[in-house]
Chemist: 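One structure, as structure tokens, below. Some questions next.
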Amino acid sequence: VTLLTFIKLQSKCSTLDLGEAGCLPLLCDDVYDVLVETLEIQSNQYLMDKIERGRKQVSEGTIKQHELIDPEQVTKS
């Protein structure tokens, strides 16, 4: 599913009638926030590398289950 398809599926917002030119869909706040967060992740090479490593682990079948780490309980070295 592409991001545009996701937005179309999730958006229950109205459209702006442009007359003969057609309609322009308007994004709801929550859909806009998802779009911005996605673009921020995609523009961060560190996060994209982590995502790619995770995808590779899944495709290779080398994933391991672990507990989430609470940043408040991590001691600084």
Side-chain angles (χ1 to χ4, degrees):
V1 175
T2 66
L3 182 58
L4 184 55
T5 303
F6 172 77
I7 290 171
K8 287 179 183 176
L9 292 173
Q10 296 298 318
S11 182
K12 306 241 187 256
C13 299
S14 60
T15 59
L16 178 62
D17 187 0
L18 300 176
E20 292 181 19
C23 292
L24 178 65
L26 301 176
L27 297 179
C28 300
D29 287 344
D30 57 340
V31 174
Y32 175 79
D33 291 342
V34 168
L35 175 62
V36 169
E37 289 174 12
T38 301
L39 293 173
E40 287 175 355
I41 290 169
Q42 289 178 335
S43 66
N44 184 320
Q45 192 58 50
Y46 171 75
L47 293 178
M48 292 305 296
D49 289 344
K50 286 184 74 165
I51 291 169
E52 186 56 37
R53 283 194 308 273
R55 287 180 175 166
K56 184 178 177 185
Q57 289 174 348
V58 168
S59 68
E60 293 173 348
T62 59
I63 59 173
K64 297 177 185 174
Q65 183 174 348
H66 61 85
E67 299 298 319
L68 295 177
I69 299 171
D70 181 358
E72 298 295 323
Q73 296 182 2
V74 175
T75 57
K76 296 181 180 179
S77 305

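We number each residue from 1, following the sequence as shown.
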Chemist: Tell me which donor-acceptor pairs under 3.5 Å the side chains of residues 48-63 have, and how far apart each pair is, sequence neighbours excluded?
Modeler:
residue: Asp49; atom: OD1; partner: Gln45; partner atom: NE2; Å: 2.8
residue: Ser59; atom: OG; partner: Arg55; partner atom: O; Å: 3.4
residue: Ser59; atom: OG; partner: Lys56; partner atom: O; Å: 2.9
residue: Thr62; atom: OG1; partner: Gln57; partner atom: O; Å: 3.4

Chemist: side-chain contact (heavy atoms from CB on, under 4.5 Å) with Asp33: which residues, sequence neighbours excluded?
Modeler: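 side-chain contact (heavy atoms from CB on, under 4.5 Å) check on Asp33 returns nothing, list empty.
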Chemist: Who passes side-chain hydrogen bond (donor to acceptor under 3.5 Å, both in side chains) against Asp70, sequence neighbours left out?
Modeler: none
Chemist: How would you list, by chain and number, every residue that makes a side-chain hydrogen bond (donor to acceptor under 3.5 Å, both in side chains) with Glu40, sequence neighbours excluded?
Modeler: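 Partners of Glu40 by the side-chain hydrogen bond (donor to acceptor under 3.5 Å, both in side chains) criterion come out as none, since no residue qualifies.
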